[in-house]
Undergrad: 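My questions will all concern the structure given below.
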Amino acid sequence: MTDYDPTTIEAKWQSAWNDAKAFESEVDSSRPKFYCLEMFPYPSGQMHMGHVRNYSIGDSMARFRRLAGYNVLYPMGYDSFGMPAENAAKKIGGHPHDVTWSNIESIRADLNRMGFSYDWRRELATSDSTYYRWNQWIFLKFHEMGLVERRTAPVNWCDPCDTVLANEQVKNNRCWRCAGEVRQKDMAQWFLKMTEYADELLDELEHISFPENVKAMQRNWIGRSHGAEIHFPIVDSDDVIKAFTTRPDTIFGVTFVTLAPEHPLCNALVSGTEFESDFRELADECARISEFDRINMLRDKKGVFLGRYATNPLTGEKVPIYAGNFVVASYGTGAVMAVPGHDQRDHEFAKKYEIPILQVLSEDEGKDPKVTGRAFEGLGWMVNSGQPGFDGLYGDDAKAAVINALEGEGMGTGTVQYRLKDWLLSRQRFWGTPIPFIHCRSCGVIPVPEANLPVELPLDVVFTEGESGNPLANHDGFVNTNCPSCGAAAKRETDTMDTFYDSSWYFLRFADALNDSAPFDKKSADYWLENGVDLYIGGIEHAVMHLLYARFFTKALRDAGLNDVSEPFSQLVCQGMVNAPTPFCADCNVEHHVDLEGQKCPTCGGLLGSRSAKMSKSLGNTVSPEIMIEKYGADTVRLFILFGANPEAGMDWSDSAIDSNYRQMRAIHSALVQGIENDSKLGTMDEWLLARARQSRSSWIDSMSNVGLRDGVMISHFEMVADWQWAQRRGGVSASASREYLTSWIPMLYPATPHLAEEMWKGLGMDTMLALTVLDLENSKGVSSRDVIVLGQEEYLRRVIDRARSVRELAERHTEGDLSAVIIQTAQHWKVKLASQAIQMHDENFDFKEGGNKFLQTQQCFQDEETKGDVMQFWRAIVVGQKKRRGRIHTWGEQERALVSSEYNEVDFLLDNAEFIVAALEIEDVEVYRAGTGEDVAGKARSSIPLEPGIAWR
RNA sequence: GCAGGGGUUCCCGAGUGGUCAAAGGGGGCGGACUCAAGAUCCGCUGUCAAGCGCUUCGCAGGUUCGAAUCCUGCCCCCUGCACCA
């Protein structure tokens with residue numbers, strides 16, 4: 001056989017898999033299914049290391065599950081709508097469609113070069129009308145269900161550019177393109193009523209296997225809080241301020257009420273009064289600044305008295321009404337009941353404006369509240385209510401009592417508030433799914449009839465650099481149409497959908513991607529998505545938005561009757577970042593571009609060090625997958641990625657590490673070749689190697705089943721080679737054992753490095769390629785009791801040699817001249833006997849404290865006065881242990897216990913292997929005998945223990 | 001501020017009460033092979049007085065016969081959310 005040649009074998013097997021249609025899967029309820037999915041890429045050009053990592057993980061798992069007999073669905077597609085393509089088109093003066101398709105071609109080629117095992121028949125691109133027509137179709141369904149709503153909402157608006165900006169495009173309240181000031185403008189927008197699913201989205205998190213931090217982020221995002229809406233009637237007015245609070249138990253401490261400046265009541269209360277000008281100033285300031293700046297400025301709490309008072313519904317007391325810059329209009333009711341005694345923010349505000357502070361909760365039951373100069377924000381016992389039936393109540397009881405009283409008076413209710421808002425879906429952009437609605441002068445806003453779908457994006461648009469706004473709105477052919485209802489001339493909606501819409505159901509489409517009469521067939525979806533996608537892999541950056549939208553969509557589609565599935569993803573793995581070294585200034589705590597490597601910090605002038613940072617264009621520390629594949633082959637890149645770190649952990653790129661992984665691939669290759677070509681009849685290590693293979697295989701299956709790819713690869717690509725090499729050094733294996741070993745090993749190499757595995761599988765003479773092979777993995781686990789002994793004795797030999805090495809240095813100091821022999825004294829027979837009995841007694845839960853000494857006295861070895869002390873000492877060492885080391889019966893593993901229990905003959909085994917010991921230690925001679933049957937060299941006889949012989953040098 | 005995750009040996013990173021001076025990799029050192037280099041293989045890589053020694057898993061305490069692992073407090077880093085009432 002030839003040398004390892006990845007380029008040739010990888011191309012060869014990729015086309016063989018393709019010809020065999022090895023990865024095409026169909027619904028088959030006779031087999032367990034496994035739906036393996038990666039977050040599909042945005043086709044921005046070439047594949048980057050993050051993609052390679054993401055898909056290497058997924059591909060290994062898909063291949064592993066196929067090997068184990070699962071019916072695996074493993075598809076790929078492109079999230080191909082979005083602004084970057086639009087901007088790229090403007091730059092080159094083309095159409096986003098062309099830009100997108102050339103990028104897709106490039107990514108597809110990269111994916112193929114990596115050998116990922118996708119079912120390419122299911123490939124989809126969201127910008128393809130065969131896909132987005134179903135976006136529109138679903139949108140109409142949602143509309144029928146009442147989930148779609150059109151209402152006005154403030155948007156970031158840039159006058160010079162005549163366009164809406166996304167939040168990310170606003171920097172310091174200025175437009176990213178023209179640097180013009182951005183203002184908030186109310187416009188009609190399309191919404192999906194996701195809040196209707198808020199409770200289910202939150203509660204179902206308990207039952208799905210997402211990483212804890214992702215769940216926390218989603219909980220936070222949904223932000224459900226229980227509390228009460230409390231009505232504060234305005235004095236001398238019919239208006240009522242409705243305030244939301246999570247702490248109704250503090251109602252008796254309310255000393256003022258604060259409104260968001262945007263709150264409609266502000267205007268009504270203040271206009272025409274002496275307070276109006278101050279209020280206008282505050283309101284203008286809040287309206288002008290962007291959300292980003294607002295947070296920065298809000299450290300400075302400002303408020304304006306509006307000149308009017310409200311009534312506390314339970315006490316009838318009059319409290320002043322303020323407008324405050326820290327009250328968020330869109331959360332709760334935009335009005336806050338202020339309790340400076342029990343809310344630190346209100347506390348500071350009250351101090352600043354000299355408003356009274358009341359304490360109505362006590363930290364200690366039955367005592368007066370402590371005066372601390374701060375608000376006490378915890379739960380406490382009600383005091384100072386001035387009303388019967390409240391004082392002394394605590395926590396939830398207190399809250400319930402207040403809510404109860406308010407409801408009795410008709411002055412409030414217990415409510416639930418969410419931070420989650422409805423999904424603002426519309427974008428004033430070209431490169432997205434057109435919202436399928438038509439504006440008719442007489443009929444209003446009406447849906448495009450299903451039969452007229454898709455509403456297609458025009459291709460005859462030329463994008464140019466200077467252009468602003470939405471080209472769709474200026475495209476007469478697109479805009480002008482007839483009303484489907486009355487037939488009169490009408491205008492199409494020119495808003496397109498948020499691209500998150502596209503990615504919210506693609507995993508369902510994959511189940512039945514070629515369907516041209518429905519988004520997907522219900523049976524297919526229910527089969528492939530039963531209990532959700534079995535493994536979903538992607539970046540943490542999608543922890544909230546994408547994953548929440550997708551969960552919402554799945555539930556909404558379920559309610560539309562399209563599927564039975566409620567949760568789209570049963571297990572989520574967020575793969576870590578791929579980092580690479582970049583120059584770093586420790587003093588300034590700033591990372592710099594790789595161009596500055598070895599230079600001085602541009603800020604402080606200190607010498608730049610290095611640290612690893614996420615690969616990014618801005619730092620220039622990226623590594624091109626294509627170059628690496630070219631240099632080392634796809635298998636090596638895959639091995640490096642999988643071995644570098646467990647999927648969830650961050651990993652550092654290292655040139656020397658990938659180099660060493662390439663060497664590892666070659667070592668594997670040459671071991672395999674050696675095994676295939678082996679024609680030896682003798683095999684002194686056969687038994688051990690095959691026992692070891694069974695052991696490794698079992699732990700490999702366990703690791704792989706738990707997506708523990710790093711551990712899996714460590715076994716399959718490192719330990720298996722090391723064992724093979726050890727067997728060779730220890731005397732070699734026979735042809736038949738080689739064959740058996742390889743038959744077990746090569747499939748283990750397959751998930752991570754499939755090309756090499758296929759090549760060697762064929763080299764072994766197998767007719768069916770691994771891609772089509774199914775193994776009964778679960779039932780091939782486990783080792784025999786004979787294996788345990790065989791493995792144990794080999795382990796024992798290694799330890800004896802290691803031990804001999806470590807005492808060598810000591811011996812050298814005490815000996816003149818070269819050391820030429822090792823003297824090994826194994827434990828006395830009585831020790832072996834005692835240890836074996838102790839193990840058995842331990843298994844039977846013998847109480848050594850209680851009966852240990854009594855037992856010892858019955859033993860024959862204990863009768864000899866001369867050795868009595870040794871016996872005591874040894875007994876202690878094996879059943880009790882010392883300060884830091886427990887007795888051996890507790891610490892011996894399965895193998896050791898098996899050996900000791902069988903009263904294993906160490907002398908014979910070591911003598912059988914004397915030649916190897918001599919070679920390994922580079923000495924001339926080794927003597928082995930049982931302690932007491934020969935000279936007690938260096939007094940080692942006493943300290944010998946079963947499996948831990950005394951070792952001396954001469 | 002709140003929430004989540006972290007801090008392990010030169011570096012990366014496993015490790016959740018005793019089998020732990022702590023897997024594996026990287027790097028470094030030494031050896032074999034070689035004219036040499038590379039590749040490959042073997043060994044070493046906390047410390048010393050070489051031992052059932054001593055010190056080490058962010059810092060300080062505590063629980064325990066025994067702590068990298070459990071508890072308390074503190075410091076630092078990352079991620080997300082943020083005057084959310």
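Each chain gets a letter, A, B and so on, in the order the sequences are listed, and its residues count up from 1. These numbers come from a predicted model, not from an experiment. Hydrogens, waters and symmetry mates are skipped; everything else that's a heavy atom, side chains included, is used.
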Undergrad: Given B:A85, B:G13, B:A39, which nucleotide is nearest the side-chain atoms of A:R666?
TA: B:A39
Undergrad: Just to be sure I understand the rule, does A:F349 reach a base, reach only the sugar-phosphate, or reach nothing, if contact means heavy atoms closer than 4.0 Å?
TA: nothing
Undergrad: Expressed in whole Å, how much space separates the P atoms belonging to B:U56 and B:U9?
TA: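 Approximately 14 Å lies between the P atom of B:U56 and that of B:U9.
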Undergrad: Taking atom CZ of A:R53 and atom CG of A:L642, what is their separation to the nearest 0.5 Å?
TA: 9.0 Å
Undergrad: In whole Å, what is the span from the CZ atom of A:F718 to the P atom of B:A14?
TA: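 Interatomic distance, CZ of A:F718 to P of B:A14: 16 Å.
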Undergrad: Determine the interatomic distance between C1' on B:U16 and the same-named atom on B:A37; round to the nearest Å.
TA: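 Looking at atom C1' only, B:U16 and B:A37 are 48 Å apart.
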Undergrad: Determine the minimum heavy-atom distance between A:R942 and A:D870, stating which atoms define it.
TA: NE-OD1, 2.9 Å
Undergrad: B:U72 and B:G24: how far apart are their C1' atoms, nearest whole angstrom?
TA: 34 Å
Undergrad: Take atom P in B:G58 and the same atom in B:A32, then report the distance between them in whole Å.
TA: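 Per the computed distance, 41 Å lies between those P atoms.
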Undergrad: Nearest nucleotide by nearest heavy atom, which residue falls closer to the 5' end of RNA chain B, A:Q664 or A:E348?
TA: A:Q664
Undergrad: Does A:R803 use its side chain to pair, donor to acceptor, with the backbone of A:P949 at less than 3.5 Å?
TA: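 Pair absent, no side-chain N/O of A:R803 close to backbone of A:P949.
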Undergrad: Please report the distance, rounded to the nearest Å, between NE2 in A:H842 and P in B:G18.
TA: 14 Å
Undergrad: Determine which nucleotide pairs with B:U69, using a 3.5 Å limit on both distances of a Watson-Crick or G-U wobble pair.
TA: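 Answer to the pairing question: none, since B:U69 forms no Watson-Crick or G-U pair.
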Undergrad: Please give the nucleotide sitting opposite B:U19 as a Watson-Crick or G-U wobble pair, both distances under 3.5 Å, or none.
TA: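 Paired with no nucleotide.
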Undergrad: As a test of reading the structure: which of B:C42, B:G24, B:G4 is closest to the side chain of A:R729, going by heavy atoms?
TA: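 Within the option list, the nearest is B:C42.
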Undergrad: Can you figure out which of B:G24, B:A85, B:C41 approaches the side chain of A:V336 most closely?
TA: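 Within the option list, the nearest is B:A85.
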Undergrad: Does OP1 or OP2 of B:C84 have a side-chain N or O of A:R345 closer than 4.0 Å?
TA: yes
Undergrad: May I ask you to list the residues of residues 415-422 of chain A, by number, that have any heavy atom positioned under 4.0 Å from an atom of RNA chain B?
TA: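 Heavy-atom contacts with RNA chain B come from A:R419.
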Undergrad: Is there a Watson-Crick or G-U wobble partner for B:U64 with both distances under 3.5 Å, and which nucleotide is it?
TA: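 Matched B:U64 with nothing under the 3.5 Å cut-off.
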Undergrad: Quote, to the nearest angstrom, the P distance that separates B:C70 from B:G15.
TA: 13 Å
Undergrad: Kindly confirm or rule out a cation-pi arrangement of A:R798 over A:W726, judged by NZ or CZ under 6.0 Å from the six-membered ring centre and within 45° of its axis?
TA: yes
Undergrad: Does A:S660 make a side-chain N or O approach to OP1 or OP2 of B:G26 shorter than 4.0 Å?
TA: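 Checking B:G26 against A:S660, a side-chain N or O does come within under 4.0 Å of OP1 or OP2.
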Undergrad: What are the two closest non-hydrogen atoms of A:M337 and A:A243, and how far apart are they?
TA: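 Reported closest heavy-atom pair: N-CB, 3.7 Å.
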Undergrad: Under a 3.5 Å cut-off for both distances, is B:G43 Watson-Crick or wobble paired, and to whom?
TA: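 Pairing partner, where one exists within any strand: B:C29.
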Undergrad: Within this structure, what is the CH2-to-C1' distance between A:W892 and B:G18, rounded to whole angstrom?
TA: 15 Å
Undergrad: Ring centres of A:Y632 and A:F640 under 6.0 Å apart?
TA: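 Between A:Y632 and A:F640, the centre distance exceeds or equals 6.0 Å.
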Undergrad: Under the ring pair (Phe, Tyr, Trp, His ring centres under 6.0 Å) rule, collect the residues that match up with A:F500, sequence neighbours excluded.
TA: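 Partners of A:F500 under the ring pair (Phe, Tyr, Trp, His ring centres under 6.0 Å) test: A:Y549.
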Undergrad: Side chain of A:T245 only, please: which of B:A85, B:C41, B:G25 is the nearest?
TA: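 For A:T245, the side-chain atoms sit closest to B:A85.
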Undergrad: I'd like the C1' distance from B:G66 over to B:C52, given in whole Å.
TA: 15 Å
Undergrad: Could you tell me the separation between the CD atom of A:Q725 and the C1' atom of B:A32, rounded to a whole number of Å?
TA: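 Atom-to-atom, A:Q725 to B:A32, this comes out as 15 Å.
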Undergrad: P atom, B:A23 versus B:A14: distance in rounded Å?
TA: 14 Å
Undergrad: Does A:V721 or A:T246 map to a spot on RNA chain B nearer the 5' end, using the closest nucleotide for each?
TA: A:V721
Undergrad: Look at the aromatic rings of A:F376 and A:H342 and report parallel, tilted or perpendicular, splitting at 30° and 60°.
TA: perpendicular
Undergrad: Side chain of A:M714 only, heavy atoms from C-beta on: which candidate in B:A3, B:G80, B:G24 is closest?
TA: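 So the nucleotide nearest the side chain must be B:G24.
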Undergrad: Tell me whether the OP1 or OP2 atom of B:U40 has a side-chain N or O from A:R663 closer than 4.0 Å.
TA: yes
Undergrad: For A:K940 and B:C52, give me the distance from atom NZ to atom C1', rounded to whole Å.
TA: 12 Å
Undergrad: Please pick, from B:G4, B:C41, B:A85, the nucleotide with the shortest atom-to-atom distance to any side-chain atom of A:V327.
TA: B:A85
Undergrad: Among B:G24, B:G80, B:G4, which is the nearest nucleotide to the side chain of A:N213?
TA: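 Given the options B:G24, B:G80, B:G4, the side chain of A:N213 is closest to B:G4.
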Undergrad: Rounded to whole angstrom, note down the C1' distance from B:C20 over to B:A68.
TA: 9 Å
Undergrad: In this structure, how many angstroms lie between the P atom of B:G24 and the CG atom of A:L642, rounded?
TA: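 About 20 Å, once rounded to whole Å.
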Undergrad: A:Y353: what forms a side-chain hydrogen bond (donor to acceptor under 3.5 Å, both in side chains) with it, not counting sequence neighbours?
TA: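 side-chain hydrogen bond (donor to acceptor under 3.5 Å, both in side chains) list for A:Y353, sorted by chain: empty.
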Undergrad: Is it true that, when you exclude A:E894 itself, more than 12 heavy atoms of the residues, nucleotides or ligands shown sit nearer than 6.0 Å to its CD?
TA: no
Undergrad: Please determine, for B:C57, whether a Watson-Crick or G-U wobble partner exists with both distances under 3.5 Å, and give it or none.
TA: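 Matched B:C57 with nothing under the 3.5 Å cut-off.
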Undergrad: Strictly by Watson-Crick or wobble contacts shorter than 3.5 Å, is anything paired with B:C81, and which nucleotide is it?
TA: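 Here B:C81 is engaged in a pair, and the nucleotide opposite it is B:G1.
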Undergrad: Could you tell me how far apart A:D711 (CG) and B:A23 (P) are, to the nearest whole angstrom?
TA: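 Computing the A:D711:CG to B:A23:P distance gives 15 Å.
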